[in-house]
Trainee: 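First the structure, then my questions, so here it is.
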Protein chains: 2
Amino acid sequence: MRTSSRQRRPTQKRAKATVNAIVEAGFISLSRHGLEGTTTRHIAEIAGVGVGSLYEYFANKEEVFDAMHQHVVREVVALVQPRIPELVRLDIRELVAELLYRYRDLLERDDGRYLRYMSYAAYFAPRNQLEPITQLLMNLLVQYVMHHPQLTRLGNLPAMGFIMINGGIFTVIRYLTDPNPAVDFDDLVRGLGDMVAHFVDGELGKSVNS
Amino acid sequence: MRTSSRQRRPTQKRAKATVNAIVEAGFISLSRHGLEGTTTRHIAEIAGVGVGSLYEYFANKEEVFDAMHQHVVREVVALVQPRIPELVRLDIRELVAELLYRYRDLLERDDGRYLRYMSYAAYFAPRNQLEPITQLLMNLLVQYVMHHPQLTRLGNLPAMGFIMINGGIFTVIRYLTDPNPAVDFDDLVRGLGDMVAHFVDGELGKSVNS
DNA sequence: TCATTTGTTCGGATTCAACTCGGATATGCG
DNA sequence: CGCATATCCGAGTTGAATCCGAACAAATGA
């Protein structure tokens, strides 16, 4: 793989449209034909371009998936980033609920296009490109703590952040992917909210008592 | 794919050894060459058999992965199942810690052979054969609650179980896969233990007060 | 405007891995 | 031993990923 040379940046408007169409087609093909069924010919055909055009801008099929990945990551960041000032003012349960519902909505948009991608994502992206999202949420966490000074007494923030962020991201994906979930999404959200809220209360109470 | 017919069950000792060698080789190839680099020729070569032999027992490469999957699942079940009677007697934090450390040890065994597999396969949403593990842990949870009667007052067990089980499984995989983790595993275990313990205390306290 | 250069598209040709086939070899049983 | 059945094999087929070079479109500049 990794053909290195002969790579092209789209400079003209037409070319950018082609690149967009290809990424878009990637999501569509993944939804329509699954992972195995997603061939470069399919993608090109759905995008309405020749296979050769695909290889003008992407060194290989993998890079198309990378581009899709970045697209999803950008969407998630765009979802949360601008709302941070508002989010840090929420009650902790409300914060959890708000993040989870928005996240779900995003994953279910366009017939679950992004969800479908995410459930395969680890397959293509061994190198952790989930980082920007983790960073963003860790950032949100820090800012949240700063806006609620009593929380600064909480112990090991990095570890708790890691747990809550990863636990949250994957639990939701698992849940939405489950064809026959045992509980409904509201229960899940409430449960995660309770978990976090009780943890905070418990930790703060502990500090006071000791 | 899915050639259906012409499938064979290994009946003789020699054939069983071949099948084992192939599954074993699957893990080795995955560790050594990654997912893309794992070809049927590689697997066959490592196993010391011809490609044709592989197709005597597996309809396609996918089925080799399925067999690997079942192997991992069986290992996890074997790890927990026989110890349930003992586990239910532990303090909640100890239980969490015990499960997590054993789970980590298993994933890291043989140079992370199983971890490598899980980091590719865990997300493999379509055929969710993670079920047996979820079932097992849910079972453990139920038995744990029965041995600690005060816990029966806890609300929504299914939802909490879903969160803790999936959160736990994926958080650990994510952690072990992270080339440069910000915290150490002990912090992670302590954090998850605190989370669960405070949740329980919080829920029980709430009931008492209301 | 037109010539030239640079960007873009295309789909047939090539490569390589999954999978097949039919024969060779081993086992086990009477 | 000799037949039947199980197992093994690797050259050959198929199809998807990728390459390539020619055709077409846009920009440039005189």
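In what follows, every chain begins at residue 1, and chains take the letters A, B, ... in the order their sequences are listed.
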Trainee: Given atom CG of N60(B) and atom P of dT14(D), what is their separation to the nearest angstrom?
Mentor: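 Rounding to the nearest Å, CG of N60(B) and P of dT14(D) are 19 Å apart.
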
Trainee: May I have the distance from E36(A) (atom CD) to dA17(D) (atom P), rounded to whole angstrom?
Mentor: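 In whole Å, dA17(D) P and E36(A) CD are 10 Å from each other.
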
Trainee: To the nearest Å, give me how far apart CG (L54(A)) and C1' (dA17(D)) are.
Mentor: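 Distance check: L54(A) CG to dA17(D) C1' gives 10 Å.
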
Trainee: How many whole angstroms separate atom NE2 of H33(B) from atom C1' of dC16(C)?
Mentor: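 Roughly 16 Å, once rounded to whole Å.
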
Trainee: Any side-chain N or O of T40(B) less than 4.0 Å from the OP1 or OP2 oxygen of dA17(C)?
Mentor: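 No, outside the criterion.
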
Trainee: Measuring centre to centre across the rings, with the benzene-like ring taken for any Trp, is Y120(B) within less than 6.0 Å of F65(B)?
Mentor: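 Judged by ring-centre distance (under 6.0 Å), Y120(B) and F65(B) do not meet the cut-off.
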
Trainee: Does I46(A) reach the side chain of R32(A), with side-chain heavy atoms less than 4.5 Å apart?
Mentor: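 Contact flag for I46(A)/R32(A) side chains = yes.
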
Trainee: Check the distance between dA17(D)'s C1' and F65(A)'s CZ and give it to me in whole angstrom.
Mentor: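 Going from F65(A) (CZ) to dA17(D) (C1'), I get 12 Å.
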
Trainee: For E75(A), what residues pass the salt bridge (Lys or Arg N to Asp or Glu O under 4.0 Å) criterion, not counting sequence neighbours?
Mentor: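 Scan of E75(A) (salt bridge (Lys or Arg N to Asp or Glu O under 4.0 Å), adjacent residues dropped) gives R109(A).
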
Trainee: Hey, mind stepping through E98(B) and R83(B) against salt bridge (charged side-chain N to carboxylate O under 4.0 Å, His left out) and telling me if it holds?
Mentor: CA-CA 11 Å; E98(B) 183 63 14; R83(B) 299 190 56 209; 2.9 Å; yes

Trainee: Output the rounded distance in Å from NE2 (H42(B)) to C1' (dG10(D)).
Mentor: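 One finds 17 Å between C1' of dG10(D) and NE2 of H42(B), rounded.
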
Trainee: Encode nucleotides 8-14 of chain C as B, S and - characters from 5' to 3', where the letter depends on protein heavy atoms closer than 4.0 Å: B to the base, S only to sugar-phosphate, - to neither.
Mentor: BBBB-B-

Trainee: Check the distance between dA18(C)'s P and L35(B)'s CG and give it to me in whole angstrom.
Mentor: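 Rounding to the nearest Å, CG of L35(B) and P of dA18(C) are 11 Å apart.
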
Trainee: Atom CD of E62(A) to atom P of dA16(D): distance rounded to whole Å?
Mentor: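 For the pair E62(A) CD and dA16(D) P, the rounded distance is 19 Å.
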
Trainee: Using 30° and 60° as the class limits, which term best fits the ring planes of F185(A) and Y175(A): parallel, tilted or perpendicular?
Mentor: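 The arrangement is tilted - the two ring planes meet at 30° to 60°.
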
Trainee: Does CD belonging to E94(B) count more than 12 external heavy atoms closer than 6.0 Å?
Mentor: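 Count over threshold, so yes.
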
